[in-house]
Amino acid sequence: MEKDKADDTVNHDDREENWISFMPNSSYITDKNKTYNIAYEAALNASQLEAVSHTSGPLLVIAGAGSGKTRTLTYRVARLVEEGIPPSAILLLTFTRKASQEMLQRAAQLLDSRCEMVAGGTFHSFANAILRKYASQLGLRAGFAILDRADAESMINMLRKEMDLAAKHRSFPRKSSLANIFSKAVKKVISIEDVVYDDYPHFLDNIDAIVELCNAYQKRKREHHFLDFDDLLIYLQLLLRDHPDICRRISSRYQHIMVDEYQDTNKIQADILHLLAANHRNIMVVGDDSQSIYAFRGANFKNIINFPKMFPGTRIIGLEENYRSVQPILNLTNEIIDRAKEKYTKSLFTQRSGGTIPLLLATEDENSQSRFVVEKILELHQQGISLNKIAVLFRASFHSFDLEIELNREEIPFIKVGGFKFVESAHIKDVLAHLRVIANGDDRISWYRILLLIEKIGPSSAQKIYEAVRNENAGYTGLLTVKLKQSSSNRLDRLKNLFAQLDTIPLSVADMGETIVKYYLPILERNYDDHPKRAKDLDHLVAIMERYDKLEQFLTDMALEPPNTSIEDSLAAESVQEDRLVLSTVHSAKGLEWHTVFVIWALDGRFPSVHSFYKEAELEEELRLMYVAATRAKENLFLTYPNPA
């Protein structure tokens, strides 16, 4: 996964040999009459205690949402150490350094500092340490260099230029898209062709060149002893698979393996775990099949489903007591996930009493949905619920665009996670710049923005054109009469035609927007590899414009700058602590909780996504995504949707 970093290792000593130093194969015998320093029976419920007390053989813990997964792993670390198992013989693998660090620190607080001596870290950091010792077995130098994402993209771009692919192929993918394609093929163990067909069909005409570039990228890395993040896992898998003696040595070093968030592992990670634990079979994986929602990152839902087949004799323990939500919310979430065709059956329950029944509300249109959410938030805030205890969740970033305008209007501060705030999106700003020039012909910033979108017009030319147009004293129509050099004038033909069209016929605000979007689409396709997705954002922008009679009022609303922040993937703890409403994609909300949760656009085609209608596996993931959304709520849950037009 992208969040797993190569250097995120937590250990009592950072030297590589502490991951991999040889320890003879040993058997650890537990004493059933042993007295423990920790009162496990008092601290854990029956299912958690059963999982913590299991010390031999494969164990699968299906941890329902809010059921104390982290607590269970923490106590299990302490329990194994209390059983007399050397901390260095315990391996805890997580997807973030922070996760393993916090678990080991908590275990140390429960027991003693020995727990901090447990080998804990991410898959990639573990792979890095192993490969440093055995690099020569794979034809690598021990001093191989690791390419982070930026480095990988730079190398891809360098090869892209060397091969002159952009000149040879119209609309050839940019470096970031190419890196995504190459990485997804590795993580999902599928071909480049399949990735392009599924996720980038508009690049199918370039498929041969993309494959050629991928091969060149792999070759260049080998020549210079570079490994990217995906390579770390691939080479570790090769080492364990092709060198059984080394595999046995490493396996005997780590007699007990624990894995967090197992539902998020990809095929390569699952294979690595199988190879590591094949001999002693002392492996405990914790996860929730119902929260497997990262297929787009390469996570394989089948890993957790097939774990008992990979390790015959697996003991399965379910954690079903929920410590987060009231029972009426859990009743709904149980009903949601019960519809999944492939799952581990579970029924979440809580000891908490009371609670309100979740509300499903159909509104007249999108703006009515936004107004309902805003009014309810204000009502809750007046009742003493701080804004940072309320979240609005959605399937895709653009689903909140209309809501953001209403929040701005009411001056409700918010933070947005999992995408850009509406008016921060570059393509939205491009279209708005054209509208601002129409409203104010002296808007230098907007003029520069729209002129620089035109090929072969740079900052110097943009400045000269702007000054010449302004001297015409005719607003945006000055572009139609200004005298310019022939070369500049020709490049401006399309923009002139646009302005002539807007000046000739009186248009509504929405019609102006639609006309500008039509002009802008070729620019969008040229500048963005994900232009089909961004084009939908522009359609949504035009739909919002239909509510306005005056362009100036629309631009005023769009220009309001609330005290909010936009973060790409995750909520920073310090941001959540501030009293700001949270807007988030469901993917970015996983693992978090709020007093009150709104799930908007709960409508076929939006949530679930229209793209999921054609593949059963994708529709199943959409169901799990709704389960994740609903289980974020502690006290109140509202699901809303506008009536389809």
Side-chain angles (χ1 to χ4, degrees), residues 43-52 54 59-76 260-264 284-294 299 301 303-305 307-308 314-360 389-391 393 584 586-587 589-599 602 607-608 620-639:
L44 304 167
N45 65 37
S47 297
Q48 291 171 338
L49 179 62
E50 186 180 0
V52 166
H54 179 96
L59 173 65
L60 170 60
V61 178
I62 301 298
S67 63
K69 168 181 67 70
T70 300
R71 185 180 185 83
T72 302
L73 280 166
T74 300
Y75 274 83
R76 179 115 190 298
D260 188 22
E261 302 284 13
Y262 187 70
Q263 78 281 347
D264 292 341
M284 170 192 183
V285 300
V286 180
D288 185 3
D289 56 300
S290 301
Q291 298 186 69
S292 180
I293 59 173
Y294 292 120
F301 172 72
N303 285 352
I304 195 166
I305 295 297
F307 184 84
T314 291
R315 185 177 181 183
I316 303 176
I317 298 174
L319 304 184
E320 297 180 300
E321 183 172 355
N322 180 281
Y323 295 91
R324 175 186 299 153
S325 308
V326 293
Q327 192 61 50
I329 291 176
L330 296 180
N331 291 340
L332 173 62
T333 60
N334 288 335
E335 180 66 27
I336 289 171
I337 206 60
D338 188 56
R339 297 168 183 264
K341 293 184 179 179
E342 195 168 15
K343 62 183 181 296
Y344 288 102
T345 300
K346 68 179 80 67
S347 181
L348 298 181
F349 67 92
T350 184
Q351 303 292 340
R352 297 179 62 192
S353 59
T356 58
I357 297 174
L359 174 68
L360 174 64
K389 293 182 179 179
I390 306 172
L393 306 182
S584 175
V586 181
H587 286 99
K590 184 174 176 291
L592 301 173
E593 59 185 42
W594 292 273
H595 176 280
T596 299
V597 169
F598 296 85
V599 182
F607 193 177
E620 285 277 292
E621 181 159 309
E622 293 288 313
L623 186 68
R624 298 193 294 270
L625 198 60
M626 180 59 78
Y627 172 83
V628 168
T631 53
R632 301 309 96 197
K634 297 165 69 174
E635 300 287 341
N636 300 316
L637 175 62
F638 300 93
L639 299 100

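Counting begins at 1 with the first residue of the sequence.
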Requested in this report: Verify side-chain contact (heavy atoms from CB on, under 4.5 Å) between V597 and L393, making sure each step is shown before the conclusion.
Outcome: CA-CA 7 Å; V597 169; L393 306 182; 3.7 Å; yes
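- Residues S290 and K346 have side chains that bring a donor and an acceptor to within less than 3.5 angstrom of each other.
- Using cut-offs of 30° and 60° for the angle between ring planes, the Y294 and H587 rings count as tilted.
- The side-chain heavy atoms of V61 and L319, taken from C-beta on, include a pair separated by under 4.5 Å.
- Side-chain N or O atoms of E620 include none that pairs as donor or acceptor with a backbone N or O of A340 at under 3.5 Å.
- Judged purely by distance below 3.5 Å, without hydrogens or angles, the side chains of N331 and E335 never pair a donor atom with an acceptor atom.
- The closest side-chain heavy-atom distance from W594 to K634 is not below 4.5 Å.
- Nearest heavy atoms, I62 versus D288: CG2-OD1, 4.4 Å.
- To the nearest 0.5 Å, atom CD1 of residue I317 and atom OG of residue S47 are 7.5 Å apart.
- With no hydrogens or angles considered, no side-chain donor-acceptor pair links N334 and Y627 at under 3.5 Å.
- Between the R352 side chain and the R324 main chain, a donor and an acceptor come within less than 3.5 Å of each other.
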Report task. Check the pair V285, L59 against side-chain contact (heavy atoms from CB on, under 4.5 Å), reporting the backbone distance first and the verdict last. Result -> CA-CA 6 Å; V285 300; L59 173 65; over 6 Å; no
Requested in this report: For side chain to side chain donor-acceptor pair (under 3.5 Å), just list the numbers for Q48 and E50, CA-CA rounded to whole Å, side-chain angles, deciding distance to a tenth of an Å, and then say yes or no.
Outcome: CA-CA 5 Å; Q48 291 171 338; E50 186 180 0; over 6 Å; no
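- Judged purely by atom type and a 3.5 angstrom limit, S292 has no side-chain atom pairing as donor or acceptor with the backbone of D289.
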Report task. With side chain to side chain donor-acceptor pair (under 3.5 Å) as the test, would you mind laying out the steps for T356 and N636 before giving the verdict? Result -> CA-CA 6 Å; T356 58; N636 300 316; 3.1 Å; yes
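- In this structure, R624 is positioned above the aromatic face of F301, its NZ or CZ under 6.0 Å from the six-membered ring centre and within 45° of the axis.
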